[in-house]
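Got a structure for you, questions after.
Owing to the predicted nature of the structure, the values given are computational and were not obtained by experimental measurement. Protein chains get the first letters and strands the later ones, always in sequence-line order, with residue 1 at the start of each.
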Amino acid sequence: MPATKSALGLRTLAIRKHAYGLCSAERVLAIVAQAYGVFCRRPAAFSSIAAKSRRSPPKSGVGLRYKPTPQVLAKAAVFFLFGGVLFAQDPVAKGIEEFHQGDYAAAKITLEQALKRKPNDAHARTFLALSRAATGGCDAASNDLYDAFTNQQDADLRRLAGLALVECHLAHNRLDAAMPVARALQRDFPADADVLYEAARLYMKAWNDVVYQMFQKTPASYRVNQVSAEIFEIQGRYTEAAAEYRKAIEKNPAAINLHFRLGRALLLHSHSPETLAAARKEFEAELKLTPGDAVAEYEIGQILLAENKPHEAAPRFEHALAESPDFTEALLAVAKVRADAKRYDQAIPLLERAVRLQPANESAHYNLMIAYRNAGRTADAQREKEEVDKLKRPPSGEFTEFLKKLGEKAPNQ
Amino acid sequence: MIRFALLLAAFSAAAHAPQLPDFRNIAAQAGLRDIFPNGGITSKKYIIETTGSGAAFLDYNNDGLLDIFVLSGKGGTNRLYRNDGNGLFTDVTRETGLTSDGWSQGVCAGDFDNDGFTDLVVTSWGGITLYRNVEGRRFENITHQAHLDQSRVRYNTGCAFLDYDNDGKLDLFVANYVKFDVATAPKPGENPYCWYRDLAVNCGPRGLPFDRNILYHNNGDGTFTDVSDASGISKPDQSYCLGVLTGDFNQDGRTDIFVACDQTPSLLYINRGDGTFSEEALLRGAAFDENGKAMSGMGATSADYDGDGKPDIFRSNFSDERETLYHNRGGAEFDDVTIAAGMAHNTRFVGWGCGFFDFDNSGWKGLFLANGHVFPEVDRLKIDIHYKDRAILYRNNGNGTFTDISGRAGPGILERHAARGVAFGDYDNDGSVEILVNNQNEMPSLLKCERKPAGNWVILALQGTISNRSAIGARVRLTAGARTQIDEVRSGGSYLSQNDLRLHFGLGTASKIDRVDIDWPGGVHQVERHLEVNRIVTVREPRR
């Protein structure tokens, strides 16, 4: 529970999200939600694969462009070298080339004929399935796509087959069938934009179907108000979100998490003293429902800090940590209280624990570095500085495109 | 009886409550009526529209009265206003040769040629301009002759003259923001870095390429040499740099440089004394906030706010961020004490120009911070973050904490503007410091405290003889009564702005100044004793 809620809670005060210019989580979700509306109105169709493939940047190396194996390359080379002479002799190469050209109808016919002559040609079968899927023949293609996805040795072909399979299942609303394929794709291609995109579409569709069902079957339930509030929240419409949370609370005053979410929505909307007080009231209400809610306790501490009441905040952080000893943000908050009091010997163990719990937590490393420095442990501070340096290093290539546009070298060059 | 006792208690409390200032905007009545354009008013297409511009208090004609210089974005001109000494300013831009065009950003002042007249540098998107002050009558653009032309279009922001090698000649530091070109810059909403709270807004600085800062060495013959690489100044290449604050933060007699940076780590260049600097902000605790997060640093100011004899640093940041107060533990090692100092609550403002100054002459410097968002579009959200916003005034409680008195410090503090550069100076020499604010697409504000501060004061006007004539880098330690205060003569600072080069000290109830110690950048240590209060004291550096 703390782990889940802390991520949400931290967006409000503790680590004010850096919305300026950055693509915040809320922004991403809002984009996703907006995009989802489009998906709802436009059923997925695999026929777009080819178009997407052609639109892919020529050197991107991603997208649905097929990266051929040496075997296929050899076939293509033969095709290019001997042209039409060999067409008749190798219809598989011709069909693959037609697929690459985006002429799926022709590819389908060519590959069907090729398979009559070479029924065991796995590449021909896979490309035929892809061509069928691209021309609306998902039913005919599904088995071969599945075979290719599970048995194909060529990773690129397997990826392509998997993506097509997900598209086919989505087009026929077979979400249960699509899920394991999407998960397997994510496992095997974790940094592939197309894979992640298809998975996101799938999960959004599943989410939307269930929400739609909720609105249909239980329109008067507090959960409908809650989910409405959450949607408003990710769209940045905090006033509407707060109103929906209040309706949900009115319907079910004993439901946990509603007061917490309301408090958070209030804080996202305004920074005024009145809002801080109102949000604190909600977190206190959450605590009444769930006395051991470390995150609500932590949020109250953060509000007290924002109200310039650090001495009142300190016991709230201590309590949050007592309730949830692995709650990293609470560890940091308590460590800071101790460091502020120059009790570095008491702060450092907490920070070391935070670093162990979350080795990639920049804030934990930074505070540990400062605590070591202030405690006179220069070598340890230097070591932590190196950790912070590593974590702060921008992902390579982040600005490369912009630099190229300006004719400049990348920063590290 | 009880009622009488309560009444007496209330009276007693009121009698001991510090007097509140009453700041009013007197710009129009003082003659500052020109509008200074700076990009779009309801929306801004490019980042260049968001960052300008600075302002300056300087005495260009050596008449003992501070004049005013205000920078403009495209569509206007920078303007110099001469102080006529009767509360009025006269626009002398044209006759002094300061008419300009383009996107001026920052200004810094200093007598780079030691001829007794204060020169000016104006930074802009495109380059820098060095204006040599010709005997207080006019300014001459000598950028080219001084070898300060830049080989490509650069987005120069903060600047400061400093004598980093203590050779008696002022060198020049120039911060750079991003590499920006209208032809290639993405448009609002074009990529994820062009959004703010679901609004398509101008892009950057994230997503735009970094640039590097510049250090020019003064050759002493009217020219400068770019020593950015040799000095190590150009080494940091991952920060979007704006406000420049110089100072001897580790108190080793050499001028260091702090640079407030936007969305990236702020920089602290430590002067090694051999002509080179090492950037050490991270380990020294001045790069990030207390969470180890890079803030959107804009402006910066320094003072020994807690009277421990060490210069501290304040940095203004973006909305949804706290401002940052760095306490100097000694040796230029800093702790973020924003929360403990009582400055944690103002998170809805985008802060720019800022300055520690003793508005009530109590002997403890308060803090003024001007605000205004970068995105005019934010007003469409109808939230409590506004494009034009009020300023913030903190009173120094003298115990390491501040009290926000913005709502009780006069209507001038509460006026809403898209403020940027702020300069501080006592333009009427009455011992009370005024505030000059450059507001985007509006008249500047000139905030004057209409209630005479209760405390005594002194203004020290330092003149270098061995050291640079402007005394930039001179460090002063003043003891009056029970208080000892420190300050330093600085060029640049605040947000892309220039404060009065003279040093103002509030003295509280002290009726005389026991001792003033001055460490001149040339190495001379000077002691003055038993100075009178409530006056301007000129101190010349003794020749060895």
Side-chain angles (χ1 to χ4, degrees), chain A residues 13-24 26-28 30-31 235-239 269-273 275-276 305-308 310 313 332 336 339-340 361-367 369-370 373-374 381-382 384-385 388-389 391-394 398-399 402-403 405-406 408 410-412, chain B residues 179-181 184 186 191-198 201 203-210 237-238 262-263 265 282-285 288 290-296 318-322 329 333 335-337 339-350 374-375 381-385 401 404:
Chain A
L13 279 171
I15 303 172
R16 282 279 187 197
K17 66 192 183 305
H18 198 169
Y20 172 29
L22 289 177
C23 192
S24 66
E26 285 84 353
R27 164 98 200 108
V28 171
I31 292 169
Q235 290 175 338
R237 295 159 67 181
Y238 303 118
T239 307
H269 179 247
S270 171
H271 306 67
S272 70
T275 304
L276 290 179
L305 283 186
E307 291 175 338
N308 283 328
L332 293 180
K336 278 184 216 167
D340 286 346
N361 188 319
E362 295 172 14
S363 185
H365 283 287
Y366 179 79
N367 276 283
M369 177 194 79
I370 294 291
R373 185 201 71 181
N374 290 356
Q382 190 62 42
E384 280 307 313
K385 177 190 174 292
V388 176
D389 277 336
L391 291 169
K392 295 284 182 193
R393 200 163 293 152
E398 184 179 358
F399 302 111
F402 292 94
L403 292 172
K405 279 184 189 174
L406 294 182
E408 298 290 342
N412 290 328
Chain B
K179 287 175 180 161
F180 173 74
D181 181 351
T184 54
N191 69 45
Y193 300 119
C194 316
W195 289 88
Y196 174 75
R197 290 185 178 235
D198 256 1
V201 295
C203 307
R206 277 286 178 199
L208 296 174
F210 298 107
D237 59 4
Q238 302 280 311
D262 193 0
Q263 299 190 351
L282 176 54
L283 191 55
R284 290 177 181 275
F288 301 116
E290 59 149 13
N291 291 309
K293 303 289 176 194
M295 299 283 99
S296 293
F318 204 71
S319 57
D320 288 316
E321 297 174 349
R322 295 184 179 115
R329 308 173 69 240
E333 286 189 355
D335 286 323
D336 180 343
V337 295
I339 295 170
M343 291 179 167
H345 60 291
N346 282 314
T347 56
R348 71 179 182 84
F349 302 95
V350 177
V374 293
F375 306 129
L381 296 175
K382 309 287 183 201
I383 57 176
D384 64 346
I385 298 174
T401 69
D404 185 344

On a heavy-atom basis, the closest approach of A/Leu305 and B/Ile339 is CD2-CG2, 3.5 Å

Exercise for review: Against chain A, label B/Arg329 side chain, backbone, both or neither, depending on which of its atoms sit under 4.5 Å from a heavy atom there.
Suggested key: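 B/Arg329 touches chain A through side-chain heavy atoms alone.
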
Residue set satisfying salt bridge (charged side-chain N to carboxylate O under 4.0 Å, His left out) with A/Asp389, at least two apart, ordered chain then number -> A/Lys385

| Which residues share a ring-ring contact (aromatic ring centres under 6.0 Å, His included) with B/Phe349, sequence neighbours left out |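 For B/Phe349 there are no ring-ring contact (aromatic ring centres under 6.0 Å, His included) partners, ignoring immediate neighbours.
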
Q. Are the side chain of B/Arg348 and the backbone of A/Ser272 linked by a donor-acceptor contact shorter than 3.5 Å?
A.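 No.
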
Whether A/Lys336 and B/Asp335 form a salt bridge (side-chain N of Lys/Arg under 4.0 Å from carboxylate O of Asp/Glu) is what I want to check. no

For B/Ala344 and A/Asn308, the nearest pair of non-hydrogen atoms, with its separation, is N-OD1, 3.2 Å

Heavy atoms only: give me the nearest A/Tyr366-B/Asn291 pair and the separation to one decimal.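 Nearest heavy atoms, A/Tyr366 then B/Asn291: CD2-C, 4.2 Å.
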
Please state whether the side chain, the backbone, both or neither of B/Leu381 comes within less than 4.5 Å of a heavy atom of chain A.
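When you check distances to chain A, no heavy atom of B/Leu381 falls under 4.5 Å.
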
Nearest atoms (heavy-atom pairs only) where B/Arg197 meets A/Tyr238: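 The answer is NH1-CE1, 4.2 Å.
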
Notebook entry, point to check: Which heavy atom of A/Gln382 sits nearest a heavy atom of B/Leu283, and at what distance?
Noted result: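 Reported closest heavy-atom pair: OE1-CD2, 3.4 Å.
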
Just so I know, are the side chains of A/Leu276 and B/His345 near enough to count as touching, which here means a heavy-atom distance under 4.5 Å?
no

Greatest number of non-hydrogen atom pairs under 4.5 angstrom with chain A, of B/Asp384, B/Asn346, B/Thr401, falls to B/Asp384

Option in A/Val388, A/Thr275, A/Asn374 with maximal non-hydrogen atom pairs under 4.5 Å from chain B
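If we count pairs closer than 4.5 Å to chain B, A/Asn374 comes out on top.
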
Kindly give the heavy-atom pair with the smallest separation between B/Phe288 and A/Lys392, and that separation in Å.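 Shortest heavy-atom separation between B/Phe288 and A/Lys392 comes out as CZ-CE, 3.5 Å.
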
